[in-house]
Amino acid sequence: MRTAFTELVGVRHPVVQTGMGWVAGPRLVSATAEAGGLGILASATMTYSELEAAIKETRARTTQPFGVNLRADAHDAPERIDLLIREQVRVASFALAPKPDMIAKLNDAGVVVIPSIGAARHAEKVAKWGAHAVIVQGGEGGGHTGGVATTLLLPSVLDAVDIPVVAAGGFFDGRGLAAALAYGAAGIAMGTRFLLTQESTVPDAVKQAYLQRDLNGTVVTTRVDGLPHRVLRSDLVEHLERSGKLSSLVRAVTNAARFREHTGLSWRAMIREGLAMKHGKDLTWSQVIMAANTPMLLRAGLVEGRTDAGVLASGQVAGLLGDLPTCEELINGIVTDAEKIIARMGQSLRDVR
C-alpha cells in the first residue's frame with residue numbers, strides 16, 4: 001500500500017510502531033520492519049551505549065528501514081543525533097519538538113525527521129522548521145496525551161500543513177487505516193496494538209492484564225508525572241490519585257535516584273535535563289521531579305512484570321483487543337482489510353451513480 005509516507009520513508013506499508021519506552025527494542029522494531037512497517041526504537045529509556053548496541057542489533061536483524069525516537073531535551077541529544085547520522089538510521093522521531101538546528105542537521109544528513117505533535121499550531125511550527133512529516137496523536141492514545149479526540153485533531157492538522165501526516169490514537173485494525181486515509185492521512189501509528197504482539201518483550205502476565213480490560217479500563221491521570229498520562233486502571237494508580245503532594249514527591253525523588261543509578265547519569269546531568277524539561281514544557285519543579293519518577297514506574301510494569309508496583313501506559317484500544325498476533329500477521333491483516341474496505345467503498349459509490 002503506497003502513500004506519501006511510504007515513499008518518504010521507504011517502507012512497504014503505511015503502518016508505524018511507535019517508540020514506547022521499555023517496549024520498543026530491537027526484537028519488536030526489526031519484526032515490524034520485516035513485516036513492511038516502520039519500527040521505531042525507544043531511546044529515552046536507554047543509555048547512549050545501550051542505544052548504540054540496539055541500533056546495531058536491529059540492523060543485524062533486518063535490512064529494512066527503521067527509526068529511533070529521541071528526546072530533544074536530553075542532555076546528550078547532540079551526541080545521539082550524531083550516532084543516528086553515523087549509523088545511517090532512516091528516521092529520527094521526537095516526542096517533543098526538536099530545535100530547528102537539530103532538524104537541519106538531520107535533514108542535511110538524509111535522515112527523515114518526524115516529530116509527534118498534539119496541536120495544529122505545533123505541526124505548523126515543525127513543518128516550517130523543515131520536518132518531513134508529523135505523527136498526530138489524539139486523546140485516545142496511551143502515555144502522554146491531550147484532550148482532543150483523533151477525529152477532531154487529525155483534520156485540523158491536515159488543514160494546517162502540506163507534509164505527510166500519520167494518525168495515532170485509537171487505531172488497531174484495517175477499518176482505522178481506511179478511515180485515516182479517507183481523512184487524508186498518509187498512514188497510522190500504533191503503540192498498544194504493537195505492545196500486544198508476540199515479538200513484544202513485555203511479560204506475558206502483563207499482556208494478559210491488558211487483554212482483560214474493557215473500554216473503561218484506562219484512565220488519564222496527572223499523578224504519575226504531573227502531565228496528562230493515559231494508563232491502565234490499577235490499585236497503584238488509584239493510590240497515586242489519593243496520595244498527597246508530599247508523599248508523591250518523596251516517591252518521585254526515590255525513583256529518580258533509581259533511574260539515575262540505572263542510566264549512569266550524574267546528578268548534574270539529571271538537573272540539566274530537568275532544566276531543559278522545565279523550560280520546554282513550562283513545568284513547576286514539582287512536576288519535573290515527578291517526571292523523573294515516570295521511567296522507573298513504567299519499568300516496574302513493562303519490564304519487571306510488577307502490575308502491583310508499576311504503571312502501564314495504554315491506549316483506549318486495549319479494551320478492544322483480544323489476541324497476540326505476530327507483527328507480520330498484524331500488519332498484513334490491517335493492510336489487507338483496509339484495501340478491501342476501500343475497494344468496497346469505491347464499488348458502492350459506483351453502484352449509486
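Counting only N and O atoms by type, the side chains of Arg230 and Thr145 include no donor and acceptor under 3.5 Å apart. Looking only at atom types and distance, the side chain of Gln347 has a donor-acceptor partner in the side chain of Asp351 under 3.5 Å away.
Within the structure, the ring pair (Phe, Tyr, Trp, His ring centres under 6.0 Å) test picks out no pair touching residues 296-323 (sequence neighbours left out). Note on residues 57-70: pairs passing salt bridge (charged side-chain N to carboxylate O under 4.0 Å, His left out), not counting sequence neighbours, are Glu57-Arg61, Arg59-Glu87. Sorted by first and then second residue, the ring pair (Phe, Tyr, Trp, His ring centres under 6.0 Å) pairs involving residues 106-134 (not counting sequence neighbours) form an empty list. Applying the salt bridge (charged side-chain N to carboxylate O under 4.0 Å, His left out) definition to pairs two or more places apart or across chains, none involves residues 207-219. Within the structure, salt bridge (charged side-chain N to carboxylate O under 4.0 Å, His left out) contacts touching residues 329-348 (residues at least two apart or in different chains) do not occur. Counting only residues at least two apart or on different chains, no salt bridge (charged side-chain N to carboxylate O under 4.0 Å, His left out) pair has a member in residues 118-144.
Clustering of Ile, Leu, Val, Met, Phe, Trp and Tyr side chains at separations under 4.5 Å places Val11 together with Phe5, Leu8, Val9, Val16, Leu38, Ile40, Val91, Val112, Ile114, Ile135, Val166.
Results of the side chain to side chain contact (heavy atoms under 4.5 Å, CB included) test with Cys327 over Val15, Leu28, Asn332 single out Leu28 as the only residue that passes. Exactly one residue among Ile342, Ile341, Ile334, Ile331 makes a side chain to side chain contact (heavy atoms under 4.5 Å, CB included) with Leu177. That residue is Ile334.
With hydrogens and angles disregarded, a donor-acceptor distance shorter than 3.5 Å links the side chain of Arg80 to the backbone of Ser43. For the pair Arg299 (side chain) and Thr45 (backbone), a donor-acceptor distance under 3.5 Å is absent. The main-chain N or O of Arg27 is found under 3.5 Å from a side-chain atom of Ser30 such that the two form a donor-acceptor pair. With Ser200 contributing its side chain and Leu195 its backbone, the two residues share a donor-acceptor pair below 3.5 Å. Between the side chain of Thr18 and the backbone N or O of Met20, no donor-acceptor pair lies under 3.5 Å. At least one donor-acceptor pair under 3.5 Å links the side chain of Gln137 to the backbone N or O of His144.
With respect to Glu238 and Arg233, no salt bridge is recorded, no charged nitrogen being found less than 4.0 Å from a carboxylate O.
Ser49 meets the side-chain hydrogen bond (donor to acceptor under 3.5 Å, both in side chains) test with Thr47; sequence neighbours excluded. Here Val148 pairs with Leu152, Leu153 under the side chain to side chain contact (heavy atoms under 4.5 Å, CB included) rule; sequence neighbours left out.
Atom CZ of Arg2 has 12 or fewer neighbouring heavy atoms from other residues, nucleotides or ligands inside a 6.0 Å radius. The environment of CD in Glu34 is crowded: more than 12 heavy-atom neighbours from other residues, nucleotides or ligands sit within 6.0 Å.
Atom CZ of Arg306 sits about 12.0 Å away from atom CG of Leu312, to the nearest 0.5 Å.
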Which pairs of donor and acceptor atoms, one on a side chain in residues 92-106, lie under 3.5 Å apart (sequence neighbours left out)?
residue: Ser93; atom: OG; partner: Asn69; partner atom: ND2; Å: 2.8
residue: Lys105; atom: NZ; partner: Asp82; partner atom: OD1; Å: 2.6

Can you list, pair by pair, the side-chain donor-acceptor contacts under 3.5 Å of residues 157-165, counting residues two or more places apart and other chains?
none

Atom pairs and distances, donor-acceptor, side-chain atoms in residues 313-324, under 3.5 Å, two or more places apart:
residue: Asp323; atom: OD1; partner: Arg193; partner atom: NH1; Å: 3.0
residue: Asp323; atom: OD1; partner: Arg193; partner atom: NH2; Å: 3.4

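Residues Val111 and Val89 are not in side-chain contact: their nearest non-hydrogen atoms beyond the backbone lie 4.5 Å or more apart.
By the criterion of side-chain heavy atoms lying less than 4.5 angstrom apart, applied directly or through intervening Ile, Leu, Val, Met, Phe, Trp or Tyr residues, Leu215 is grouped together with Val231 in one hydrophobic cluster.
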